[in-house]
S.K.: 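Supplied in C-alpha cells, the structure appears directly below.
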Amino acid sequence: MKPRVRFAPSPTGFLHVGSARTALFNWLYARSTGGTYILRVEDTDQERNRPELTQQLLKELEWLGLDWDEGPIFQSEKLERHREVVQTFLEDGYAYLCDNENREVEGTVLTEGLAVRFRMPKGKTISFTDLVRGEVTFNTGDLEDFVIWRSNGTPMFLLANAVDDADMGITHAIRGEDLLSGVPKVLLLLDAMGVKHPTYAHLPLLVNEQRKKLSKRRDDVAVGDYREKGFLPEAMVNYLALLGWGPPDGVEIRSLPEIVKIFDIEDVNKAAAFFDIQKFEHINSSYLRDLSKEDFMQRVEPWIGNGAPWPEENFDSEKFSTMADLIQEKLRTLSDAPRFVDFLFLEQPDVDEESWKKTMKDPQVADSLLGHVADSFEDCEWETDVLKDLVTKAGEKVDLKLGKAQAPLRVAVTGRTVGPPLFETMSCCMTREEVLKRISDARKSL
RNA sequence: GCCCCGUUCGUCUAGUGGCCUAGGACGCCAGGUUCUCAACUUGGUAGCACGGGUUCGAAUCCCGUACGGGGUACCA
C-alpha cells in the first residue's frame with residue numbers, strides 16, 4: 001500500500017519554521033516513497049481560527065515548493081462526521097456526557113450544552129513503535145478521561161484528528177514531538193472506531209536559544225519574515241531539511257530533488273535542534289551565488305523597486321544590471337542588495353559614520369590623497385585599469401598601498417568601506433563629473 | 001507533582017560494538033590571495049553529560065544519576 005501522509009496545520013497564526021519543517025518532512029516522505037501528500041486545515045478552534053490566515057498558509061507552502069496532492073481539506077467541514085462518531089461512542093459506552101463542572105450526566109444522546117468525555121480504560125498498557133523514537137509505552141492509569149466534544153457542539157483536536165486520519169486513510173503521521181503524549185489517547189479513539197493505527201514518526205522540536213519549543217508568540221520565526229528578509233525558498237527548505245537530519249555523505253547544500261533521493265525518515269534524530277540564522281545565511285548566500293543572471297535579476301526586483309532607499313526616478317535599470325554582476329556573489333540575503341548600489345541612485349552617498357571615522361581619521365592624509373586622485377582623474381581615460389593605476393600612484397605619494405589608499409576614495413564615492421569593486425563601478429556606472437563632485441564634497445567635510 | 005522524550009565541538013550533524021588519538025558543516029581565530037567586502041584557500045579552536053555494568057573491545061548495548069525539553073485545557 002502506498003503511504004498517505006498529511007500536513008495538518010491550524011490557521012491560528014502565520015506559518016512558522018517549525019511547522020514548515022513538519023510540512024517538509026511529510027512532503028519528503030511522500031516524495032521519497034511514492035506516496036501521497038495531503039494538506040488538511042485543522043480549523044476546529046472557532047475562537048482562534050482566522051480564515052484569512054489559511055490563504056496565507058497556502059501561499060507560504062507554495063512559495064516553499066511543497067506542493068500537495070490532495071486538499072486542502074477543511075476539518076470544519078467534517079463536523080457531521082465527527083458528531084456521528086461521538087454519538088456512536090456514547091451509545092457504545094466508550095464515552096459519557098458531562099456538564100460544566102465535569103460531572104457525569106446520564107444519557108447516550110449528544111446534548112446541547114453538554115461536553116463528552118472519553119472513558120479511559122483502567123490498567124492498560126499502550127505501546128506503539130515510532131519511526132523516530134522506537135518503542136514508546138504509556139499506562140492508561142496515568143491518563144485521565146478526556147474531552148472529545150465541547151459543550152458548544154464542536155469536536156476537540158484529538159477526536160477530529162483521529163477521525164480524519166482514519167477517514168483519509170493516513171498511513172503515516174509525521175509531526176512534532178509535542179504531540180507524542182497525545183498518541184495513546186488517539187490510539188484508544190482509533191480502537192473504539194475499530195480502525196487500524198497509522199504509523200507514527202515524531203520529529204524533534206525546533207527550539208530557541210533558551211532551548212524552548214519555538215512558538216509563534218515569543219519567537220520571530222514566521223516563514224514570511226524570512227521571505228521578506230530576502231531568503232530564497234530553496235535555501236529555506238534545504239536548511240530546514242538539515243534540522244534533525246543529515247545527509248549520509250556530508251554534502252549539506254543540495255537541492256530538494258536530490259534530498260528526496262536520499263531521505264529516510266528513520267535517519268531523523270531524536271534531539272531538539274536550534275534554528276541557527278548564521279548557517280541559514282551561509283546556505284542562502286550559496287544559493288544566491290548560483291543563480292543565473294536572469295534569475296537573480298528577477299528575484300532581486302522586489303528589493304530594488306518600490307520601497308528602495310532612493311528616489312524612484314533616479315533608478316537606472318541598466319546600471320543596476322551592470323552592478324548585479326559585481327554584487328551577486330557578495331550578498332547573504334536579497335535585502336542586502338540596496339546598500340551595495342544605493343550610492344548610484346542617490347544625489348549624495350549615504351555616508352556611514354563608522355566608515356568615515358575609520359578612513360578619514362587622519363584628515364591631512366585623506367585630503368592629500370583625495371587631492372592627488374582628483375587631479376589625476378581630471379582628464380584621464382575613464383577606464384577601470386586606468387583608474388586603478390592612478391589611485392595606486394596617488395597612494396604611493398602618501399606612502400599607502402592600494403588596499404589602504406582606495407579606502408577614503410571608496411567612502412567618498414559610496415559612503416561605505418564595504419561595497420562593490422570600486423574602479424569598475426566608477427568606470428562603468430558613474431561619470432567623471434559625478435566622481436569628482438563626490439571627492440570634492442568629501443574634502444569639504446574633512 | 002505525575003507521565004513521556006531527549007543528551008556527540010558554541011551551533012547543526014556523521015557515527016548502529018573494533019575503520020574513532022570521534023569526521024564534516026556553520027561560527028570563531030591566525031595566515032595566503034585580493035582595490036574593500038564576499039568568494040576561494042591553508043592551518044587552528046572546540047565535543048561523546050556523569051557513574052556503574054556487559055564485552056577481549058563501548059560514543060555506540062544495559063542500569064542508575066544529573067540536566068534539558070514536551071505533555072498533563074471544553075488550545076492545536
S.K.: Is there any protein nitrogen or oxygen under 3.5 Å from a nitrogen or oxygen in nucleotides 44-51 of chain B, and what are the pairs?
M.R.:
none

S.K.: Mind jotting down which residue pairs meet the salt bridge (Lys or Arg N to Asp or Glu O under 4.0 Å) criterion with at least one end in residues 229-244 of chain A? Sequence neighbours excluded, please.
M.R.: D220(A)-K229(A), E234(A)-R299(A)

S.K.: Within the structure shown, what part of the strands sits under 4.0 Å from I283(A) by heavy-atom distance: base, sugar-phosphate, or nothing?
M.R.: nothing

S.K.: At a heavy-atom distance below 4.0 Å, what parts of residues 136-148 of chain A sit against RNA chain B?
M.R.: V136(A), T137(A), F138(A), D142(A), V147(A)

S.K.: May I have all residue pairs that pass side-chain hydrogen bond (donor to acceptor under 3.5 Å, both in side chains) and include part of residues 393-413 of chain A, sequence neighbours excluded?
M.R.: D389(A)-K393(A), Q406(A)-R410(A)

S.K.: Name the pairs: protein N/O against N/O of nucleotides 20-22 of chain B, kept only if under 3.5 Å.
M.R.:
none

S.K.: Just to verify, what does E101(A) make a side chain to side chain donor-acceptor pair (under 3.5 Å) with, not counting sequence neighbours?
M.R.: R103(A)

S.K.: Can you list, in residue-number order, the parts of residues 116-131 of chain A that come under 4.0 Å of RNA chain B, counting heavy atoms only?
M.R.: R117(A)

S.K.: Pairs of donor and acceptor atoms involving the side chains of residues 255-264 of chain A, under 3.5 Å and at least two apart or interchain, shall be tabulated with distances.
M.R.:
| from | atom 1 | to | atom 2 | distance (Å) |
| --- | --- | --- | --- | --- |
| S255(A) | OG | E258(A) | N | 3.4 |
| S255(A) | OG | E258(A) | OE2 | 3.4 |
| D264(A) | OD1 | E266(A) | N | 3.0 |

S.K.: Can you tell me the Watson-Crick or wobble partner of G1(B), both distances under 3.5 angstrom?
M.R.: U72(B)

S.K.: Return the pairing partner of A30(B) with a 3.5 Å limit on both distances, Watson-Crick or G-U wobble; otherwise return none.
M.R.: U42(B)

S.K.: Kindly write out the residues that satisfy ring-ring contact (aromatic ring centres under 6.0 Å, His included) with F275(A), not counting sequence neighbours, or none if the list is empty.
M.R.: Y226(A), Y239(A), F280(A)

S.K.: Can you pull the salt bridge (Lys or Arg N to Asp or Glu O under 4.0 Å) pairs that have at least one residue in residues 269-286 of chain A, sequence neighbours excluded?
M.R.: E252(A)-K279(A), E281(A)-R332(A)

S.K.: Any salt bridge (Lys or Arg N to Asp or Glu O under 4.0 Å) involving residues 179-188 of chain A? Give me the pairs, sequence neighbours left out, ordered by first then second residue.
M.R.: none

S.K.: Can you confirm whether or not the ring centre of Y29(A) sits under 6.0 Å from the ring centre of H172(A)?
M.R.: yes

S.K.: Which part of the nucleic acid, if any, lies within contact of R410(A), taking any heavy atom under 4.0 Å across all strands shown: a base, the sugar-phosphate backbone alone, or nothing?
M.R.: base

S.K.: Between the protein and nucleotides 9-12 of chain B, are there any N/O to N/O pairs under 3.5 Å, and if so, what are the atom names and distances?
M.R.:
| from | atom 1 | to | atom 2 | distance (Å) |
| --- | --- | --- | --- | --- |
| C12(B) | OP1 | R211(A) | NH2 | 2.4 |
| C12(B) | OP1 | F274(A) | N | 2.9 |
| C12(B) | O2' | L242(A) | O | 2.8 |

